[in-house]
2 protein chains.
Amino acid sequence: MRPEQDAPQRVLDSIRRDIILGRLPPGARVTEVALASRYGVSRIPVREALRALEAEGFVDSRPYAGSTVAAIPLDDAEDLFGVRRVIEATIARRAALRAAAHVAGDAPDTSWWTARRALTDILDDGDRAVASDALGDLPELNIRFHLGVAELSGSASLSALLRQISGKIEWLYAADVDHRGKQSWGEHRLVMAAIDAGNAGEAERLMEDHVASSQRGYLERFAAGPVPGPGAGPAAGITGTDAAGRG
Amino acid sequence: MRPEQDAPQRVLDSIRRDIILGRLPPGARVTEVALASRYGVSRIPVREALRALEAEGFVDSRPYAGSTVAAIPLDDAEDLFGVRRVIEATIARRAALRAAAHVAGDAPDTSWWTARRALTDILDDGDRAVASDALGDLPELNIRFHLGVAELSGSASLSALLRQISGKIEWLYAADVDHRGKQSWGEHRLVMAAIDAGNAGEAERLMEDHVASSQRGYLERFAAGPVPGPGAGPAAGITGTDAAGRG
DNA sequence: CGGATGGAGATTGAATACAATCGCCGCTAC
DNA sequence: GTAGCGGCGATTGTATTCAATCTCCATCCG
């Protein structure tokens with residue numbers, strides 16, 4: 001079996017996705033051999049992925065006792081949105097500043113153009129999804145847009161922080177996708193325009209409003225009875241050799 | 001050799017410390033075998049530690065090309081402080097709310113008392129350090145105080161975020177410890193008092209001022225010629241079998 | 001009949017071994 | 001003299017293997 005060259009990354013993304021989408025419910029035991037056989041690799045890449053997930057707060061581990069899926073951070077929802085607002089607004093401001101520097105001709109950076117082009121594609125894909133009422137594609141595109149802007153900001157530190165927070169918030173939304181759907185998506189072009197114009201203040205303000213609006217949508221939905229969610233009971237995990245998340 | 005039960009954690013902390021303190025300068029190559037022999041373990045724990053460090057943004061890795069120490073995020077300094085202000089203020093507010101719930105008798109949580117007692121010890125140790133002019137101990141105690149308050153807040157998500165940001169900021173300060181020394185340390189007791197009183201608004205405000213003040217100290221120091229630092233050249237790394245950070 | 005205790009099975013922690021890939025150095029050709 | 005190229009050493013990626021520890025369940029004792 002040839003080395004997949006980034007099997008750990010693939011395994012990491014897959015497990016995290018299974019957790020976020022509720023295919024691995026909170027409390028479920030995740031054993032290394034089960035995951036290894038599920039993804040067709042040995043335990044080593046799985047171990048690395050599990051350790052990363054532990055650092056990200058998606059699983060709890062105890063020495064020799066294995067790992068379980070962590071509890072969904074329901075109590076942190078409001079604060080997570082608050083932190084995310086600040087981070088995203090900062091990112092938008094810096095992205096605008098960097099865009100301005102680029103049109104001015106300074107900083108001849110090819111990676112910047114790559115990131116900018118990727119955003120164009122994401123925006124177009126999202127518009128098509130909205131036009132064809134394929135709203136199921138929007139959550140994924142939404143994440144990619146925001147991470148794309150982070151890329152454009154040029155700050156690895158802020159990108160990493162946003163990535164961590166986004167995962168948690170995505171988890172909160174859980175399988176409850178399309179939180180505001182069309183309207184929310186439309187706001188992305190406004191943010192992008194401000195960035196392209198190099199208008200740092202406007203980009204910062206628009207992004208903050210956008211995130212705040214997303215937060216309101218979440219709170220309205222879950223204020224009363226928070227998240228019926230898939231996390232029914234601390235069991236039903238994968239334990240056998242081929243049972244992972246086939247629900 | 002018996003399993004150390006958390007060798008990866010120890011290795012992770014050690015390497016991160018070496019990076020933050022400049023013993024492993026930016027650009028230095030860090031090979032698995034060198035680290036393994038330095039810490040007396042095999043490559044497996046080292047791999048897990050390196051992957052965690054990559055997620056934290058301290059090293060850059062490419063498949064089959066190995067890992068190098070990342071560049072110090074100098075350009076992110078101001079924004080990192082901004083995000084940290086929000087996170088710490090939120091943490092302080094929640095810690096106060098939780099303290100209020102505890103004196104009220106709700107939530108009989110033994111781990112809370114453990115965390116609270118640890119903070120008492122940290123504050124006392126810091127006072128002793130100040131009294132005996134052992135200011136070299138303050139940076140370490142400073143980090144522990146802030147992480148201790150995060151623990152008290154009861155939010156694993158916010159704790160993880162703070163941990164990540166603190167590492168970066170500590171890196172910025174680099175070997176330049178005792179940034180404001182005695183005065184900064186004294187502010188900790190004010191924050192702690194507000195938390196113990198269950199005064200959420202006051203705790204939030206005091207913590208934000210405290211972090212903002214720390215930021216001013218940093219900017220004043222490094223505004224002109226940012227960080228002479230140990231990152232002289234992209235070389236001098238550890239490559240041999242026993243050369244790690246013996247500088 | 002309830003709770004402690006011992007052992008078997010399962011699972012993780014770590015080391016060793018091997019395959020795949022990269023980077024460097026000398027060589028060749030122009 | 002310099003640019004392209006092939007081989008070799010070094011390093012990473014992964015699998016296999018064994019030791020240490022935990023969990024669960026049946027058993028025994030009070």
Side-chain angles (χ1 to χ4, degrees), chain A residues 1-15 24 27-55 58-70 233-244, chain B residues 1-15 24 27-55 58-70 233-244:
Chain A
M1 192 175 296
R2 81 181 198 287
E4 285 273 347
Q5 109 158 0
D6 59 347
Q9 190 60 48
R10 193 172 53 80
V11 171
L12 169 60
D13 291 339
S14 299
I15 301 176
L24 286 175
R29 286 202 51 155
V30 282
T31 66
E32 297 178 359
V33 287
L35 295 170
S37 98
R38 168 156 174 70
Y39 297 111
V41 296
S42 100
R43 281 175 49 211
I44 302 290
V46 173
R47 283 180 62 82
E48 298 178 10
L50 280 178
R51 207 157 260 279
L53 285 170
E54 186 184 5
F58 284 107
V59 306
D60 295 326
S61 296
R62 278 191 348 225
Y64 292 106
S67 305
T68 58
V69 177
I238 70 179
T239 309
T241 157
D242 74 336
Chain B
M1 190 176 297
R2 81 181 197 286
E4 285 272 347
Q5 111 159 359
D6 60 345
Q9 190 60 46
R10 194 173 51 82
V11 171
L12 169 61
D13 291 339
S14 299
I15 301 176
L24 286 175
R29 285 203 50 157
V30 281
T31 67
E32 298 177 0
V33 287
L35 294 170
S37 98
R38 168 156 175 71
Y39 296 110
V41 296
S42 98
R43 281 174 50 211
I44 302 289
V46 173
R47 282 182 62 81
E48 298 178 11
L50 281 178
R51 207 157 262 277
L53 286 170
E54 186 183 5
F58 284 108
V59 306
D60 295 325
S61 295
R62 279 193 346 228
Y64 292 107
S67 306
T68 58
V69 177
I238 69 177
T239 308
T241 159
D242 77 335

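Quick note: numbers below take in every heavy atom, side chains included, and nothing from hydrogens, waters or symmetry partners. Naming: A, B, ... by sequence-line order, numbering from 1 per chain. All figures in this text were calculated on a predicted structure; none of them were measured in a lab.
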If each of R43(B) and R62(B) is mapped to the nucleotide of DNA chain C with the nearest heavy atom, which maps nearer the 5' terminus, i.e. the 5' end? R43(B)

Can you tell me the distance, in whole Å, between the CD atom of E54(B) and the P atom of dT12(D)? 13 Å

Starting from P on dG13(C), measure out to CZ on R47(B) and report it in whole angstrom. 16 Å

With I15(B), the side-chain contact (heavy atoms from CB on, under 4.5 Å) member among L53(B), V69(B), V59(B): L53(B)

d(OH, Y64(B); P, dT12(D)) in whole Å: 12 Å

Given DNA chain D, 5'-ward residue of the pair E32(B) and A65(A), judged by closest heavy atom: E32(B)

What is the distance, to the nearest angstrom, from the CD atom on E48(A) to the P atom on dA14(C)? 13 Å

Separation of atom CG in L35(B) from atom P in dT11(D), rounded to whole Å: 12 Å

Among dT14(D), dT11(C), dA15(C), the one nearest any side-chain atom of S42(A) is dT14(D)

Restricting to non-hydrogen atoms, name the atom on V11(B) and the atom on A49(B) that form the minimum distance, rounded to 0.1 Å. CG1-CB, 3.9 Å

Taking for each residue the nucleotide of DNA chain D bearing the nearest heavy atom, is the 5' side occupied by I44(A) or by S67(B)? S67(B)

Value in whole Å for how far the P atom of dA10(C) lies from CZ of R29(A): 13 Å

Got a second to check how far L35(A)'s CG is from R38(A)'s CZ, nearest 0.5 Å? 8.5 Å

Take atom CD of Q9(B) and atom P of dG13(C), then tell me their distance rounded to the nearest Å. 12 Å

Least distance between heavy atoms, S42(A) atom then P45(A) atom: O-CD, 3.2 Å

